[in-house]
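Heavy atoms only: backbone and side chains are in, while hydrogens, waters and symmetry mates are out.
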Amino acid sequence: MKKIIPLLFIVFLSLSCKAQVSTEASKIVKEEVASVNPKLVVAIVIDQMRYDYLTRFESKYGEGGFKRMIEEGFNCKNNHFNYIPTYTGPGHASIFTGTTPSNHGIIGNDWFDKTFGRSVNCVEDNTVEPIGTNSNDGRKSPKRMVVTTFTDENRLATQMRGKTIGISIKHRGAILPAGHTANAAYWFDYEHNGLGNWISSTYYMKELPNWVKDFNVSNITESYFKVWDSFYDINSYTESGSDNNDFERVFRGKETPTFPYDLNKLKDANGNFKIIADSPYGNNLTTDFTIAAIDGEGLGQDDITDILTVSYSSPDKVGHDFGVNSKEIEDIYIRLDKDLKRLFEALDDRVGKGEYTVFLTSDHGVVNTPKYLQSLKIPSGYYTTKELKAELNAFILEEFKTTGLIRNMSNNQIFLNRKKIKDLGLDLTTVQQKIVDEIISYKDIYKAYSAATMSNNSFPSGVEHLLQNGYNQKRSGDILTVPYPGHIYHRKKGTTHGSGFTYDTHVPLLFFGKGIKHGQTLQKTIIPDIAPTISALLGISFPSGASGQPLKFVLE
């Protein structure tokens with residue numbers, strides 16, 4: 001018995017120690033699990049940022065903005081969109097769904113709806129009411145996007161406890177990234193002489209939260225009705241062309257497209273609050289509101305990952321107006337770099353260094369103004385749908401002895417009157433192909449394909465592959481056309497985007513923060529890779545239509 005008692009004591013002590021070790025190990029595991037995911041993911045989209053803006057203006061960037069992301073994070077230098085068309089709506093949808101318009105359904109900013117027989121906006125929703133405005137610009141939601149985003153998947157994975165907030169001057173830049181399950185999306189009421197408020201819709205809420213109301217009644221927005229001059233001496237802007245030229249838009253009330261711009265004097269003739277969006281102060285305002293959202297929503301304050309999506313719209317507006325080679329574009333990126341630094345410092349302070357993860361990309365690139373390219377003898381030009389349609393209607397009358405076969409021409413697509421084709425006893429595929437064979441001979445058309453060709457073939461590469469990734473069987477047109485490189489449908493001042501050429505597809509992709517390696521790659525990456533990468537980082541399901549792959553070399 002005397003021998004048994006010490007033995008039992010040893011066993012008890014051993015079990016007790018094991019239990020203590022097990023408890024300590026469990027505690028460590030729990031702590032490790034709790035600290036694996038970032039407290040906050042910040043997704044930044046710079047509207048219309050070409051990749052070369054990172055390198056071209058590098059000497060003008062300070063520490064803490066773009067350079068901080070590159071020096072502390074991972075730079076994917078050969079990142080591209082893998083579809084046509086490269087517009088804002090499809091771009092934002094593709095970044096966050098991890099797929100292309102063929103799957104997520106956002107085939108343009110606006111498109112011709114075959115059922116309604118009219119153009120619809122990508123975030124149009126007349127079943128909801130505006131919040132914070134009386135404008136129809138508030139009747140918006142993500143319902144036309146038919147798959148989930150990684151922001152949705154994070155909400156589902158956290159039992160809806162992880163918050164998602166979307167912010168952008170443009171409604172589509174706020175709504176599509178935030179997804180279907182967002183707590184809120186906020187956009188700027190500037191269209192049609194809007195009130196200059198940050199607004200939302202009843203899709204998300206019954207009324208604006210107090211922090212948004214407080215922001216709207218403050219004088220922050222109105223404070224940007226001031227002079228926009230070059231941040232540095234304009235003579236030091238050697239990375240861009242002359243300030244006064246014939247390639248750029250001239251604001252109403254000015255005689256030349258040159259610095260300085262007195263926004264207070266110009267506002268009445270240029271849409272009032274719209275001119276803030278059309279200047280770098282739109283970025284300042286977006287950053288102000290974003291920091292207010294971090295505070296107002298308490299983002300990143302616990303171990304359940306929140307997601308904040310921020311789309312900077314003003315670079316797109318300035319880019320359209322002034323073009324790639326303008327002093328204005330150089331200046332807006334110099335100033336945006338400082339906004340990024342301000343945002344990152346706010347995140348350091350409020351969420352904590354090393355506790356958040358950021359990625360930065362763009363929704364599309366942009367081509368140099370064709371008039372500028374022409375001045376350098378680079379092939380480029382302009383075309384109009386009106387001229388194209390007149391030629392095509394003449395062909396249809398001669399070939400099919402009828403009129404009215406074209407319902408709509410938009411986004412470089414032709415929508416045919418399928419009912420009339422059927423009533424006339426014509427074969428749809430034959431009509432499509434005959435129009436393709438005709439239109440390919442027109443001077444402005446580089447390539448053309450029918451819907452039947454897109455549906456019945458698989459193109460592994462080239463422009464055809466990009467068209468196919470952008471072709472949605474339910475929503476796209478009957479004929480898809482591709483203008484020549486450097487040719488745009490646009491006014492002859494400023495420029496635009498939308499093609500599958502590298503000036504529109506090559507955009508930045510930077511990651512930094514928690515869970516991200518330091519490094520760079522020239523390996524080709526594509527926009528649909530972003531959502532699976534963030535999903536892998538968070539350990540959540542990929543978005544429902546995801547076609548991209550996680551970038552394993554980016555993650556720790």
Side-chain angles (χ1 to χ4, degrees), residues 83-85 87 89-90 100-122 124 126 143-144 146 383-460 462-484 487 489 498-500:
Y83 63 83
I84 296 171
Y87 296 141
T100 64
S102 61
N103 292 323
H104 61 60
I106 304 299
I107 64 169
N109 295 334
D110 305 271
W111 63 84
F112 180 75
D113 188 289
K114 301 172 188 178
T115 302
F116 297 149
R118 64 172 178 84
S119 179
V120 296
N121 184 269
C122 63
E124 173 186 322
N126 291 324
K143 74 172 187 178
R144 295 183 189 279
V146 300
Y383 67 95
T384 67
T385 300
K386 184 179 179 180
E387 293 175 359
L388 197 64
K389 191 173 183 178
E391 283 187 85
L392 201 51
N393 277 329
F395 164 76
I396 288 170
L397 180 60
E398 181 180 351
E399 179 69 23
F400 300 107
K401 312 304 180 191
T402 189
T403 60
L405 291 192
I406 298 176
R407 291 185 76 191
N408 179 267
M409 293 179 67
S410 56
N411 294 334
N412 295 317
Q413 298 184 24
I414 300 169
F415 294 80
L416 297 178
N417 188 331
R418 294 190 174 193
K419 183 180 184 304
K420 185 162 187 175
I421 289 171
K422 184 178 180 181
D423 291 345
L424 290 171
L426 298 171
D427 177 69
L428 176 62
T429 301
T430 301
V431 174
Q432 288 177 350
Q433 191 57 49
K434 285 194 174 185
I435 290 175
V436 166
D437 293 341
E438 167 66 15
I439 206 169
I440 195 65
S441 67
Y442 295 176
K443 63 180 179 63
D444 294 318
I445 302 300
Y446 180 51
K447 295 194 175 188
Y449 294 92
S450 68
T453 298
M454 288 290 111
S455 297
N456 298 327
N457 295 274
S458 178
F459 298 101
V463 171
E464 296 81 4
H465 175 69
L466 304 185
L467 277 174
Q468 195 160 52
N469 282 342
Y471 173 75
N472 184 280
Q473 188 178 24
K474 195 173 184 71
R475 294 179 175 175
S476 295
D478 291 279
I479 292 98
L480 285 65
T481 64
V482 179
Y484 276 98
H487 287 67
Y489 173 71
S499 80

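Across every non-hydrogen atom of Pro483 and Thr481, the tightest pair is CD-O, 4.0 Å. Across every non-hydrogen atom of Lys389 and Ile406, the tightest pair is CE-CG2, 4.2 Å. In terms of heavy atoms, Gly470 sits closest to Tyr83 at N-CB, 3.8 Å.
In the displayed structure, Lys143 atom NZ is contacted under 6.0 Å by more than 12 heavy atoms of other residues, nucleotides or ligands.
A donor-acceptor contact shorter than 3.5 Å links the side chain of Asn109 to the backbone of Gly89. Arg144 places a side-chain N or O within donor-acceptor distance of the main-chain N or O of Asn121, the cut-off being under 3.5 Å. Checking side-chain atoms of Asn411 against main-chain N and O of Asp110 turns up a donor-acceptor pair under 3.5 Å. The backbone N or O of Ser476 lies less than 3.5 Å from a partner atom in the side chain of Lys114, making a donor-acceptor pair. Gln468 places a side-chain N or O within donor-acceptor distance of the main-chain N or O of Asn457, the cut-off being under 3.5 Å. A donor-acceptor pair under 3.5 Å links the side-chain atoms of Arg475 to the main chain of Gly105, judged by distance alone.
A distance of 3.0 Å separates CD in Glu464 from OH in Tyr449, rounded to the nearest 0.5 Å. Residue Lys419 holds its NZ atom at 10.0 Å from CG of Leu424, rounded to the nearest 0.5 Å. To the nearest 0.5 Å, atom CE of residue Met454 and atom CG of residue Asn469 are 10.0 Å apart.
Applying the ring-ring contact (aromatic ring centres under 6.0 Å, His included) test to residues at least two apart or on different chains, the pairs with a partner in residues 392-436 are Phe112-Phe415.
No side-chain heavy atom of Leu467 sits less than 4.5 Å from a side-chain heavy atom of Phe459.
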